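Input: a single structure, listed below in structure tokens.
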Amino acid sequence: MSATRFMKKMFMWPLSRLYGAGVALRNVMFDRGMLAQKSFDIPVIAVGNIAVGGTGKTPHTEYIVDHLKDEYRIGILSRGYRRRTRGFILATSGSHPDDIGDEPYQIYRRFGGRVMVAVCEDRVKGIEQMRRLDPGLQMIVLDDAFQHRYVRPTAAIVLSEYSRPPFQDKLMPLGRLREPMRALNRADAVVVTKCPDTAQPIDFRMMREHLELFPYQKLIFSRYAYRTIRPVFPDAVTEIPDVDSYGPSDVIVSLTGVANPRPFLRHLRRNGAKVKVLRFDDHHRFTASDMQQLRRKYEAVAANPSAVVLTTEKDAVRLASCPYFPPELRSKIFFVPIEVEILPQSDTELPDLIRQIIRSNLSTGQNV
């Protein structure tokens with residue numbers, strides 16, 4: 001370890017301890033009733049994590065809703081991270097990523113009018129407002145709400161990325177953890193996300209042993225399934241290239257603004273295609289300068305007839321509304337949709353667990 005890195009760790013260590021003490025005090029206040037939690041008479045499903053960064057909350061929220069939307073009238077509530085507005089806002093056909101955040105916008109575009117989507121920093125007020133607008137709502141799914149303890153969830157689903165497990169991490173700012181690993185005790189299920197295809201049975205067993213969950217908690221393993229690419233600008237495209245067949249003679253420009261693009265890049269390189277990477281921070285707002293970088297990156301490989309720009313579904317919603325996007329590249333950029341797949345090493349299917357928890361609460365007379 002370099003001297004600079006060592007000094008940085010020494011500086012971060014007391015800040016991490018102080019942060020941990022604050023988190024512990026807050027949790028004790030909720031556990032002892034000093035801070036009140038609000039229960040609702042319809043199921044509330046909280047999806048979240050205990051680490052910062054991309055664990056896959058939005059795809060798993062979509063997965064849950066997709067499997068339960070035919071049984072319940074569902075509303076999805078998010079805080080709308082990095083939106084340029086405040087307070088409660090209901091997603092509509094006229095919404096923009098700046099109004100509600102790119103992830104709620106992505107969810108709304110996927111489900112449209114079949115599911116109510118809203119954003120609000122105060123989840124209690126947000127749920128109450130959603131129910132006033134639609135008294136027929138039968139379930140609320142909270143996106144990124146494990147730490148928002150003012151709402152008492154019917155089921156708490158915590159996600160942890162396979163490559164960044166909590167037992168190998170530290171509290172912020174020394175590490176990436178929002179809460180210590182013992183916070184997993186509040187979860188009904190822990191989902192280990194983005195499991196690689198190369199994972200072996202012993203890897204799943206070791207993950208299970210290190211997480212040390214209680215018998216009543218379920219451990220679920222998931223991965224992303226990448227689907228056929230779609231155009232970011234459909235009106236500009238007459239033909240969709242078959243990038244699934246791209247090999248060593250083909251070239252892809254990868255444009256991402258997500259927390260961890262490594263699984264996406266592995267997918268693009270799986271058959272040996274040359275991938276030129278243009279990477280930005282998570283939730284990045286693309287600027288005119290960024291689009292100039294993209295133009296130069298593409299022009300450098302444009303002589304190859306297979307050259308194409310690929311981005312994530314999350315980035316596509318921001319790029320589609322970016323006023324600086326180069327018009328000449330509108331026919332060259334596509335996004336790769338993803339879907340969650342639950343692996344057979346899991347204790348149960350995620351929708352089945354939620355159904356079971358709801359039935360159990362109803363049978364005991366508890367608020368669902």
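The figures that follow rest on heavy atoms only: side chains count, while hydrogens, waters and symmetry mates do not. A quick note: this is a predicted structure, and the numbers were derived from the prediction, not measured.
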I'd like to know if the side chain of Asp66 reaches the main chain of Tyr63, judged simply by a donor and an acceptor atom lying under 3.5 Å from each other, with no hydrogens or angles considered. no

Side-chain donor-acceptor contact under 3.5 Å, His60 with Thr193: no

Separation between CD (Glu313) and OG1 (Thr58), nearest 0.5 Å, reads 10.0 Å

Which heavy atom of Lys218 sits nearest a heavy atom of Leu213, and at what distance? O-CD1, 4.1 Å

Donor-acceptor pair, Asp169 side chain versus Arg176 backbone, under 3.5 Å? yes

Arg132 and Pro135 have their tightest heavy-atom pair at O-CD, 3.9 Å

Output for pair (Ser95 OG, Arg109 CZ), nearest 0.5 Å, gives 12.0 Å

State whether Phe146 and Arg186 meet the cation-pi test: NZ (Lys) or CZ (Arg) under 6.0 Å from the six-membered ring centroid, and within 45° of the perpendicular axis. yes

Candidates Ile42, Val65, Ile74 - the one meeting side-chain contact (heavy atoms from CB on, under 4.5 Å) with Met139: Ile74

Give, for atom CG of Leu137 and atom CD1 of Ile127, the distance between the pair rounded to the nearest 0.5 Å. 10.0 Å

Which heavy atom in Glu121 sits nearest to a heavy atom in Arg86, and how many Å separate them? OE2-CA, 3.4 Å

Roughly how far apart are Asp352 CG and Leu68 CG, rounded to 0.5 Å? 9.0 Å

Of all heavy-atom pairs between Val336 and Arg227, which one has the smallest distance, and what is that distance? CG1-O, 3.7 Å

List the atom of Ser306, the atom of Ser249, and the distance in Å for their closest heavy-atom pair. OG-O, 4.3 Å

Hydrogens and angles aside, do Gln292 and Arg295 bring a side-chain donor and acceptor to less than 3.5 Å of each other? yes

Are Phe280 and Phe286, when compared by the centres of their aromatic rings, separated by less than 6.0 Å? yes

Kindly compute the distance separating CZ (Phe88) from CD (Gln129), expressed to the nearest 0.5 Å. 5.0 Å

Short question: side chain of Gln147, backbone of Asn49 - any donor-acceptor pair under 3.5 Å? yes

Got a salt bridge between Asp144 and Arg178, using NZ or NE/NH1/NH2 to carboxylate O under 4.0 Å? yes

Minimum heavy-atom separation for Arg223 and Cys195, please, with both atom names. CB-O, 3.4 Å

Main-chain N/O of Leu255 paired to Thr311 side chain as donor or acceptor, under 3.5 Å: yes

Within the side chain of Thr256, is there an N or O that forms a donor-acceptor pair under 3.5 Å with the backbone of Arg279? no

Gap separating the NZ atom of Lys314 from the CD atom of Gln106, nearest 0.5 angstrom: 8.5 Å

